[in-house]
Every structure is written in C-alpha cells, then in structure tokens.
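Letters A, B, ... mirror the listed sequences (proteins, then strands); counts begin at 1.
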There are 2 protein chains.
Amino acid sequence: MSQVQEEPKVAKDTKEKILRAAMDLMALYGYKGASVRKIAKAVGIRESAIYNHFKNKEEIFKTILASLFTTPFDDFFENHPPEKDAIEGKNYLMKFAATIKELSFDARNEKLFRIIMLEIMQSDEVRKQFLKYFFDENIKKLSTAFFVMMQHALIRSGDPILMAQEFFAPLFYYRLEITLFRMDERPTHSLSSIFEKHVDFFWEGIAL
Amino acid sequence: MSQVQEEPKVAKDTKEKILRAAMDLMALYGYKGASVRKIAKAVGIRESAIYNHFKNKEEIFKTILASLFTTPFDDFFENHPPEKDAIEGKNYLMKFAATIKELSFDARNEKLFRIIMLEIMQSDEVRKQFLKYFFDENIKKLSTAFFVMMQHALIRSGDPILMAQEFFAPLFYYRLEITLFRMDERPTHSLSSIFEKHVDFFWEGIAL
DNA sequence: GTCTATAGAGAGATAGAC
DNA sequence: GTCTATCTCTCTATAGAC
C-alpha cells in the first residue's frame, strides 16, 4: 500500500511461501521426506520454479535453520538478566519455566522443535546448534542465576552448573513428551501444569 | 561343531548378517538412509538376495524393532524389585542410575538408542514403544520405589510419579548428551561421573 | 539361495521456450 | 519467474536362469 516496498512483491512472496511450505513438510517428514516435488506442489508451482529462488534444496534447509535458532531463549535472558533478576529466587525459575511452557504450546515453535528432533542425529549443523543452545548457553545463563541465588543465601550451595542442568533437563523432557503426545493425538492437558509442578518440586529441594 | 544345529546353517547366518548390517546402517543413517542396496553391499550379496530372507525392507526394520525394546530396564526391576529393595533408599537410586550409565556407554545399546532417536518422530511404532518404556513403565516402577521410600520415611512426601519423572528426566538428558557428543567425536569422559552426581544432588533434595 | 536383468517410481536438478 | 520437457541417479522390488 505504501510507496516503500514495490518491486519484488511477488518474488518475495513466492520465496516466503516456499520457506513456509518447506518448513511444514520438514516438520512432518524430515529433510529427506520433504521432497522438492512436494514443496513445489504445496506452493502451487513447478519444481523447476523453486530453483529461481534457491540454489538447491539444501539452501532452503539452511535458510530455515538460520531462523530455527534465533531462539526465544535469548529474549528471555535479555529481558530477565540473571545477574540482576535472579534474586527473585523461585519466581525467576517460574518465569523461565513459563517461557518453555509457552514455546511448547506454540504452533510455530513446535514445528521448529520437531525439525530439530528429526534432524538432530542427521545434520551436523542442527546438532551443533542444538548443543550450543540447549546444552551450553541455556545452562550457562541458568547457572549464573543459581550462583546469584547462592550468594544471596536463597538456596543451598553446590555446583551451579550441575544445578542448572538438573533444573533444565526435566523441562526438556516434558517438552519432548508434549511433542510426542501431540504426534499421536494424545491429549496434553494433563501436562499443562507439569512445568509449574517441576519448579515447585525443584525449589523445595534447594531452598534454604 | 555339535550334532544339534545342522541344516539352515548358511541361511540363518545370512539372515543374521542382514540384520546386523541393517542395524548398523540404520543407526547411522536412519530407516530411509539405510537403503537395501547399502545393506546388501555391507553383507556382501546382491539386493535381490535380501528378499529371500525378508519380505521387504519394512520387515527388516520390524525385526530390529522387536529386539529394540526387549529392554534391560525390565532386567533391572526384575533383579531389583522396588517393592522390596527400595528401602535401600539412595543406594537403590544409585544402582538404577548405574544401569542407565552402563547402557549409555555400551556399544550395542547406543546403536539402539540412536535408532530410537532417529525414528521417534517418523515411526509410530518406535514412538509408541518409546513412550511405553521411557515414559510409562520406567516411571511407574520408579514411582513405586519412591512410594516405598516415603512410607519408610526416608524421603519427604509428595507425588511419587512427579518425583519419578524428575529423577528420570536428567538421566535421559545426560544419555542424550553423551550420544550427541559421541556423534561429533567430542570427549565424554567429563560426563562419566554425571550420573552419580545426579543421584547425589537429587537425594539431597528429597532426603529427610 | 544367489545371481543378472529389469521394471517402475520418485528423487534433485537443468535447458530452453514463453 | 514460471512453464514443459528431460536428464540422471537412486530407490524398492520382481522375474527367471543357475
């Protein structure tokens, strides 16, 4: 409508559509299972037209990957820096768990999580990024939070990194469980309060 | 050598070889990636010869699956029935964790775990079995153990099922971490004591 | 039970007309 | 930028000789 964006209107649109369709299909069938044929069909164009927008199939995947790991975790720790906010103690953990919960029940984010779990054993890049975010950065930030809590004598002392892992692991486990339940169309409402329960249980084990 | 096994010597041998090769390849490349061609090549026969032993590729997979979930977990709980042995308290949990640790560092079992993680989002059967063993039976038995411990006032009271999940989740998480590290040939010795550390940490949080 | 040969489907990708 | 047409490769599976 405005004067600003003009020229590549349709082109950009198609490229977006391709990415969208590819993401949907890859979340369902994995990289291999999401063939260029199927992607093209889902978009409503021929296979050859795909190659006007991407060099090859792998480039499509890489583009999706790039968006995969611009993770909301960063957002959380930016909005809630552990050095500053961790003195909130249990409340801080509750906020973190709530973020994971939100992601678990968010449609787009579930797609991303599925692609990650589908390709984690196959794609070096996915695995690398997964380890970086799920096992490194997250744990690092969380361990800072626990360190702060220890300093303020909110919790018993111990190895902050171990504590961070112990806190994070069940959240990951529950999130995986939700995804798997969904795939079998099993109800997940029984899991909706599990994140809060986890924080309650965990806090009771470490609080002074 | 003995007189007993005679006739289907070679046949049974080839069938075994096929299963072995298929398992190796599927642990590396997944179901789709382990083509009949590759399996045949690994065995040292032609593709067509495969079909003398199995109706089709899926039957090979199903045969492997059947062996996948004749799990050592059953062994553990048979050898250490929670109703009886859980009064050992922390020691009981230590034994359980040691079993998971063993499985994590056992070559054959790692292959099975990889196949599970590779196909969990693709194969209904794998997912079903996974949920059954990792999320249901295991948790059920463990929750019995925690219930017993509560009754004997070894640990604080609470929901035994939640406690079982909270105890099990990190073990699963660490096992996954080990598998992923291995795939990138990252050293895992730093993780060798993590299972014991988990039990220590967890016990401190629930012990009375 | 293994082989050669081949069918038939689906994959990724390119050439060239419009 | 999209189309038709086509290439080439790989896949699962079968037929039939030995």
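Comparing D:dC11, D:dC3, C:dA11 by their nearest atom to the side chain of A:K38 picks out C:dA11. Side chain of B:E47, nearest nucleotide from D:dA13, C:dG12, C:dC3: D:dA13.
One finds no side-chain N or O of B:S35 lying less than 4.0 angstrom from the OP1 or OP2 phosphate oxygen of D:dT10.
Among the atoms of the strands shown, base atoms are found under 4.0 Å from some heavy atom of B:S48.
Salt bridge status for A:E137 with A:K141: absent, with no side-chain N to carboxylate O gap under 4.0 Å. A:E166 has no carboxylate O lying under 4.0 Å from a charged side-chain N of B:K197, or vice versa, which leaves the two without a salt bridge.
D:dT10 atom P lies 12 Å from atom NZ of A:K32, rounded to whole Å. Protein atom CG of A:D13 is 12 Å distant from nucleotide atom P of D:dG1, rounded to whole Å. Taking atom CD on A:E59 and atom P on C:dG12, their separation rounds to 15 Å, with Å as the unit. If you measure from atom OH of A:Y51 to atom P of C:dA15, you get 13 Å, rounded to the nearest angstrom. Atom CE of A:M26 is separated from atom P of C:dA11 by 13 Å (rounded to the nearest Å). Rounded to whole Å, atom P of D:dT10 lies 15 Å from atom OH of B:Y29. Distance, B:F54 CZ to D:dT14 P: 15 Å, rounded to whole Å. In this entry the distance linking NZ of B:K57 with C1' of D:dT14 reads 17 Å, nearest Å.
Ring planes of B:F61 and B:Y31: tilted class, angle from 30 to 60°.
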* **Derivation and outcome, salt bridge (charged side-chain N to carboxylate O under 4.0 Å, His left out), residues B:K90 and B:D200** => CA-CA 8 Å; B:K90 184 181 177 183; B:D200 284 336; 2.7 Å; yes
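Checking A:R46 against A:R37, the closest nucleotide of DNA chain D that is more toward the 5' end is the one next to A:R46.
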